[in-house]
Amino acid sequence: MIMATAYNTIKIGKLNIFYREAGPEDAPVIVLLHGFPSSSHMYRDLIAALHDDYHLIAPDYPGFGNSDHPRVNEFAYTFDHLAEVMENFLQAMGLKKFSLYLQDYGGPVGFRIASKHPDWIEALIIQNTNAYEEGLTSLFKRFRPLWQERTVATGWRVTKTFGRSGTMWQYTHGARDKRKISPDAWNMDQYFLDRPHNHLIQLKLQEDFGSNVKRYPEWQDYFRKYQPPTLVVWGKNDKIFSPQGAEMYKRDLKNIEVHLLDTGHFALEEECDAVAAHIRRYLRTHALGKAA
């Protein structure tokens with residue numbers, strides 16, 4: 001039985017993939033896929049809030065957190081490849097049925113996995129990650145040129161957002177009370193962002209983000225065909241993915257709840273208790289029945 005959080009690594013191919021794990025091994029499983037520029041660290045409070053009743057597993061992608069971070073000439077940093085590694089991770093962990101929590105980059109990674117293996121998914125928990133063009137804010141104007149062709153100018157405009165001020169902004173902008181946002185969060189992320197060669201890793205993924213937008217129709221087809229029970233918990237003050245993106249999921253999903261929270265992009269930093277309460281109630285009443 002794993003109750004308090006355990007910190008492990010597992011070999012996936014040639015990569016050491018780090019993951020956090022907590023909760024009873026026979027409990028319903030929730031897999032937590034993190035966003036940019038974070039890692040499984042972003043789920044530390046949610047894991048503590050839910051570990052009594054759920055088995056929680058939160059991996060770090062290659063290039064993030066405590067997982068291996070091979071250079072860009074040693075590993076193809078695309079969302080297809082990150083999803084492939086995470087798919088292999090889930091199989092290596094023996095996971096066949098689970099709910100999937102997706103935030104930011106966790107969306108394009110997780111939607112690839114869910115649409116390929118719909119039988120694995122008991123429920124989706126979606127937090128500030130997009131599957132509709134309507135959810136992309138004006139901020140993406142600076143990134144779209146990079147999806148077509150990287151130039152010195154476009155690369156510089158993007159990489160300067162990897163600095164400390166950009167990381168702090170993602171955590172604090174839109175927060176109801178910035179005093180509630182622990183600096184440990186952005187300090188942890190910045191430590192990993194500042195590793196040698198990591199800015200090239202992140203630039204490669206920003207270049208590839210357009211591949212996600214192209215797959216939005218495919219993921220919407222998945223929603224319509226398989227109708228996974230879906231809980232949307234969304235920081236409504238997010239300037240990266242707008243509240244309209246949250247509402248758009250209602251167009252294609254029937255068993256869905258959308259809750260807009262008065263906070264920003266990293267909603268768990270300020271609204272973890274509310275999110276945990278929504279998860280417990282929704283999974284119990286809409287997805288897992290008495291099992292939860």
Undergrad: Linking I/L/V/M/F/W/Y whenever any side-chain heavy atoms sit under 4.5 Å apart, do I121 and V109 land together?
TA: yes
Undergrad: For H51 and A22, work out which heavy atoms get closest and say how close.
TA: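 Result for this residue pair: CB-CB, 3.9 Å.
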Undergrad: Determine whether the aromatic ring centres of H34 and Y105 lie less than 6.0 Å apart.
TA: no
Undergrad: State, with a plain yes or no, whether a side-chain heavy atom of K11 is found less than 4.5 Å away from one of N16.
TA: yes
Undergrad: For D194, does the CG atom have more than 12 heavy-atom neighbours from other residues, nucleotides or ligands under 6.0 Å away?
TA: yes
Undergrad: Checking R195 side chain against F192 main chain: does a donor-acceptor pair fall under 3.5 Å?
TA: yes
Undergrad: In terms of side-chain geometry, is the basic nitrogen of E133 or R144 positioned less than 4.0 Å from the acidic oxygen of its partner?
TA: yes
Undergrad: Taking all atoms of both residues into account, what is the closest heavy-atom pair of M86 and L33, and its distance?
TA: SD-CD2, 4.3 Å
Undergrad: Quick one: pull up CD in E218 and CZ in R112 and give me the separation to the nearest 0.5 Å.
TA: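 It is 8.0 Å, given to the nearest 0.5 Å.
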Undergrad: Do any pairs count as a ring pair (Phe, Tyr, Trp, His ring centres under 6.0 Å) and have a residue in residues 8-32, sequence neighbours left out, and if so which ones?
TA: Y19-F89
Undergrad: Roughly how far, to the nearest 0.5 Å, is the OH atom of Y132 from the OG atom of S242?
TA: 13.0 Å
Undergrad: Where does the angle between the aromatic ring planes of H278 and H259 fall among parallel (under 30°), tilted (30 to 60°) and perpendicular (over 60°)?
TA: parallel
Undergrad: Apply side-chain contact (heavy atoms from CB on, under 4.5 Å) to the pair Q202 and L193, showing each step before the final yes or no.
TA: CA-CA 8 Å; Q202 304 307 329; L193 281 172; 3.8 Å; yes
Undergrad: Supply the atom-to-atom distance Y54 OH to S99 OG, rounded to the nearest 0.5 angstrom.
TA: 8.0 Å
Undergrad: Q206 versus F36: any side-chain heavy-atom pair under 4.5 Å?
TA: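 A side-chain contact under 4.5 Å exists here.
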Undergrad: Specify whether F223 and F111 have parallel, tilted or perpendicular ring planes, treating 30° as the upper limit for parallel and 60° as the lower limit for perpendicular.
TA: perpendicular
Undergrad: Please answer: with hydrophobic residues joined when any side-chain heavy atoms are less than 4.5 Å apart, are L95 and L100 in the same cluster?
TA: yes
Undergrad: Once rounded to the nearest 0.5 Å, what's the spacing between atom CD1 of I240 and atom CZ of F143?
TA: 8.0 Å
Undergrad: Does the side chain of D104 come under 3.5 Å of the side chain of N128 through a donor N or O and an acceptor N or O?
TA: no
Undergrad: In the structure I gave you, are the side-chain heavy atoms of V31 and L90 within less than 4.5 Å of one another anywhere?
TA: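 Yes. Closest side-chain heavy atoms under 4.5 Å.
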Undergrad: How close do A246 and L260 get, heavy atom to heavy atom, and via which atoms?
TA: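 Shortest heavy-atom separation between A246 and L260 comes out as CB-CD2, 3.9 Å.
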Undergrad: Do the side chains of L139 and V213 join up, straight or via other hydrophobic residues, at under 4.5 Å, putting them in one cluster?
TA: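 In one cluster: yes.
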Undergrad: So with a 6.0 Å cut-off around NZ of K97, is the heavy-atom count from everything else above 12?
TA: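 For K97, atom NZ is crowded (more than 12 foreign heavy atoms under 6.0 Å).
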Undergrad: Verify the distance criterion only: is there a donor paired with an acceptor across the side chains of N187 and R164 at less than 3.5 Å?
TA: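 Yes, side-chain donor-acceptor contact under 3.5 Å.
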Undergrad: Please report the C-alpha distance between E207 and W147 in whole Å, then the side-chain angles of each, then the deciding distance to 0.1 Å, and finally whether the side-chain contact (heavy atoms from CB on, under 4.5 Å) criterion is met.
TA: CA-CA 5 Å; E207 287 177 8; W147 304 346; 5.9 Å; no
Undergrad: Inspect the surroundings of CZ in R71 and state if more than 12 heavy atoms from other residues, nucleotides or ligands are less than 6.0 Å away.
TA: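 No, because the 6.0 Å sphere around CZ of R71 holds 12 heavy atoms or fewer from other groups.
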Undergrad: Show your working on side-chain contact (heavy atoms from CB on, under 4.5 Å) between L56 and F98 and close with a plain yes or no.
TA: CA-CA 10 Å; L56 300 121; F98 50 86; over 6 Å; no
Undergrad: Using the ring of each side chain (for Trp, its six-membered ring), is F241 parallel, tilted or perpendicular to F209, with breaks at 30° and 60°?
TA: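 Rings of F241 and F209: parallel, as their planes differ by under 30°.
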Undergrad: Is any side-chain heavy atom of R251 less than 4.5 Å from a side-chain heavy atom of Q220?
TA: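 In short, these two side chains touch, coming nearer than 4.5 Å.
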Undergrad: Indicate the ring-plane relationship of W219 and Y216, choosing parallel, tilted or perpendicular according to the 30° and 60° boundaries.
TA: tilted
Undergrad: Salt bridge between E269 and K180, side-chain N to carboxylate O under 4.0 Å?
TA: no
Undergrad: Work out which heavy atom in L15 is nearest to a heavy atom in P62; give both atom names and the distance.
TA: CD1-CG, 3.8 Å
Undergrad: Scan D53, V233, I30 and name whichever one has a side chain to side chain contact (heavy atoms under 4.5 Å, CB included) with I279.
TA: I30
Undergrad: Checking the side chain of N237 only, and the main-chain atoms of G174 only, is there a donor and an acceptor separated by less than 3.5 Å?
TA: yes
Undergrad: Taking atom types as modelled, is there a side-chain donor on T167 or Q190 under 3.5 Å from an acceptor on the other?
TA: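 Yes, a side-chain donor-acceptor pair sits under 3.5 Å.
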Undergrad: Going by the angle between their ring planes, with limits at 30° and 60°, are Y226 and Y222 parallel, tilted or perpendicular?
TA: tilted
Undergrad: Applying side-chain contact (heavy atoms from CB on, under 4.5 Å) to Y43 and Q103, what does each step give before you reach the verdict?
TA: CA-CA 10 Å; Y43 290 117; Q103 194 267 351; 3.7 Å; yes
Undergrad: Would you indicate whether the side-chain heavy atoms of D189 and Y171 approach each other to under 4.5 Å?
TA: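 Result yes, sub-4.5 Å side-chain heavy-atom pair found.
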Undergrad: Do L82 and I201 land in one hydrophobic cluster if side-chain heavy atoms of ILVMFWY residues count as linked below 4.5 Å?
TA: yes
Undergrad: Tell me whether the count of non-hydrogen atoms from other residues, nucleotides or ligands lying under 6.0 Å of NZ in K254 goes above 12.
TA: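 Atom NZ in K254 is not crowded, with 12 or fewer foreign heavy atoms closer than 6.0 Å.
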Undergrad: How close do I256 and Y249 get, counting heavy atoms only, and between which atoms?
TA: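 For I256 and Y249, the tightest heavy-atom pair comes out as CD1-CB, 3.5 Å.
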Undergrad: Check whether any side-chain heavy atom of F162 lies under 4.5 Å from a side-chain heavy atom of N198, and answer yes or no.
TA: no
Undergrad: Return each pair, listed once, that meets salt bridge (Lys or Arg N to Asp or Glu O under 4.0 Å) where at least one residue sits in residues 220-231; pairs must be two or more places apart or across chains.
TA: D221-R224, R224-D252
Undergrad: Going from CG on D52 to CZ on R280, what distance comes out if it is rounded to the nearest 0.5 angstrom?
TA: 6.5 Å
Undergrad: The test is ring pair (Phe, Tyr, Trp, His ring centres under 6.0 Å); show your working for F75 and H81 and say whether it passes.
TA: CA-CA 9 Å; F75 181 89; H81 203 184; 4.1 Å; yes
Undergrad: Tell me whether D68 contacts the main-chain N or O of P70 through its side chain, where contact means a donor paired with an acceptor under 3.5 Å.
TA: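 Side chain of D68 to backbone of P70: no pair is present.
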Undergrad: Between S40 and D60, does any side-chain donor sit less than 3.5 Å from a side-chain acceptor?
TA: yes
Undergrad: Counting N and O atoms only, with roles assigned by atom type, does the side chain of Q127 sit under 3.5 Å from a partner on the main chain of H265, one being a donor and the other an acceptor?
TA: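 At least one qualifying donor-acceptor pair exists.
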Undergrad: Any chance the rings of Y61 and Y77 have centres within less than 6.0 Å?
TA: no
Undergrad: Are the charged groups of E257 and R281 less than 4.0 angstrom apart, N to O?
TA: yes
Undergrad: Would you say that V85 contacts I17 through its side chain, given a criterion of any heavy-atom pair below 4.5 Å between the two side chains?
TA: yes
Undergrad: Please confirm whether the backbone N or O of D262 pairs with a side-chain atom of R176, one donor and one acceptor, at under 3.5 Å?
TA: yes
Undergrad: So, for D184 and H41, which heavy atoms are closest and what is the spacing to 0.1 Å?
TA: O-CE1, 4.0 Å
Undergrad: Taking F64 as the starting point, is it possible to reach M93 by hopping between hydrophobic residues whose side chains are less than 4.5 Å apart?
TA: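 The answer is yes; both residues are in one hydrophobic cluster.
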Undergrad: Compare all side-chain heavy atoms of E87 with those of K116 and state whether any distance is below 4.5 angstrom.
TA: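 The answer is yes; the side chains approach within 4.5 Å.
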Undergrad: Roughly how far, to the nearest 0.5 Å, is CG of L205 from OG1 of T78?
TA: 7.5 Å
